[in-house]
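Below is one structure, written out as structure tokens; comments come after it.
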Amino acid sequence: MSSDAPVYLDYAATSPVDPRVAAAMHECLTRDGVFGNPASMHFFGSVARARVERARGQVAALIRAPAPQVVWTSGATESNNLAILGTARAMSKRGRHIVTSRTEHKSVLDPCRRIEQEGFQVSFLDTDRDGLIAPEQVRAALRDDTVLVSIMHANNEIGVLQPIEAIADVCQGRGVPLHVDAAQSAGKVEIDVARVKCELMSFTAHKLYGPKGIGALYFSAARRASLQPLIYGGGHERGLRSGTLPVHQIVGFGLACEIAAQARADDAAQCQRLRARLWAGLSRIEGAMLNGHPTQRVASILNISFPGVEGESLLMGLTELAVSTGSACNSDSHEPSYVLRALGRSTELAQSSLRFSVGRFSTDEDVDVAIAAVTREVKRLRAAAA
Amino acid sequence: VNLDPLGAQVRRLFERLTHAGDGLAHGGEPSALLTVHGEAGREQRGTRVRFTLKFHEGELVEARYHAYGCPHTLAVCEWLAGALEAGHLPSIGGPAHWCRTLDVPIVKLGRLLVVEDALRAALNAAALKAAEAAKNVVK
């Protein structure tokens, strides 16, 4: 990327592939590398299959899961769809009720809406003003016919970490499987599925310095029998997800997970420091308001509302920065972030929010550029709007 | 390939909002200036615009605005204020024309309707005040 490219503070959207990961992926593409189809029985297939299984172990190790209980998908969106639709359809004779929250990612909310059309009922839990779900809320929402609870670990917009272990205890106590969307937390916080006691967990490579287009779903041993596939055609992945495996992406995902596990403490410490520096600078802007719980959150994400400033104008004015706004920029209706609205933020505040997310390659200089740019634009746009 | 979602004209206008604000009292005796305002929209709906037009002896001498909205909204307000001061009121057109002229995406038309409402309100207020003044002269 050229030196005049904007400062990238949008790691929650995606992260650049780690150069070591890119090199490993490249080895799986060309004639002199591991280009075989893992389903083939010849030498090239066997070599590819071995690399795929090694990667499965690396990915499983990130969440301390047994390797055979990880299935490859195209990303967290597919993992979430498989977990929700696959479980609901497989268990429809036992019950037709699902519990989730209003602040989930669209890849959870939309399958829930879809399953409603198939005759299921879905309870959408409200969060508190900090974006948190209390385990008691989950307990109160469970019914005799509940077949799945789906609660995300770290929220993609505000970074809040849900009390997943306590929620899992509630679910386990009632014999209801818990699905956790860990797309924003895997590799960033320590996860042990044996301790969390969730039965399904989604994650993806491109949020942790791996490639786009590859993800995984963890399932407990008990859950395998009650998971209906979404994709048919060849019976790959023990019938759970048909399709030729993309070896280069899988190998990249595996190495990205291994690196993430090794670098997690250092990455988290750096992100926490940079996020604190960013908040220290931006909180000096009059009225700046932190969205989400101040401490119960991933280290990398900071979501701030700037009252009196329209989000798209703020975003477009920050030419030296790459950050996200929660609002739909191209929409005439200008829908504000449903996550911030669920926290009780007004439409105006939800529209005036920016999400900053730092990562492994972020620097102090990046943060200082962001502070200066946001301070300047908020002042300019407030003057125009006053 | 243009990597800027705003387009060149909107970007240029958006980055230099020289007509935003209240403006300065224009030359001549303040009492000789006719100042009118027109406002439309709400922040809750994503767009709020307020035009302030100043006339001297029936001639528009200053156009200013306050605007809360998307970059296209602000750019169109800036362009309109400049065009009004340059004496282009008769050919100022409406939102569809502004979209074409400034290469504003058609999905933004709803927001430009708010701009039009604010401008119309200001121009109607000016016409009303001018009519009142003429009536007083007749009396």
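Per chain, numbering begins at 1; letters A, B, ... match sequence-line order.
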For B:Gly69 against A:Ser313, the heavy-atom pair lying closest together: O-OG, 2.6 Å
- prompt: Counting only heavy atoms not in A:Arg129, do more than 12 fall under 6.0 Å of its CZ?
  reply: no
task: Kindly indicate whether the side chain of A:Glu312, heavy atoms from C-beta on, has any atom under 4.5 Å from the side chain of B:His72.
output: yes
message: For A:Ser346, which atoms come within 4.5 Å of any heavy atom of chain B: side chain, backbone, both, or neither?
response: neither
statement: Contacts satisfying ring pair (Phe, Tyr, Trp, His ring centres under 6.0 Å) that involve residues 346-386 of chain A (not counting sequence neighbours) are A:Tyr209-A:Phe361
- line: Of B:Ala20, B:Pro105, B:Pro71, B:Gly21, the largest count of non-hydrogen pairs under 4.5 angstrom with chain A goes to B:Pro71
- request: Check each atom of A:Ala384 against the heavy atoms of chain B and say whether the ones under 4.5 Å are side chain, backbone, both or neither.
  value: both
Atom group of B:Arg50 that falls short of 4.5 Å from chain A, counting heavy atoms: neither
query: Among residues 4-15 of chain B, which ones touch chain A with a heavy-atom distance under 4.5 Å?
result: B:Pro5, B:Leu6, B:Arg11, B:Phe14, B:Glu15
- prompt: Between A:Arg380 and chain B, which part of the residue has a heavy atom less than 4.5 Å away: side chain, backbone, both or neither?
  reply: side chain
message: Check this for me: B:Asp103, atom CG, are more than 12 non-hydrogen atoms of other residues, nucleotides or ligands nearer than 6.0 Å?
response: no
- prompt: So with a 6.0 Å cut-off around NE2 of A:His26, is the heavy-atom count from everything else above 12?
  reply: no
- line: From the list B:Gln44, B:Glu43, B:Arg42, the residue making the most non-hydrogen contacts under 4.5 Å with chain A is B:Gln44
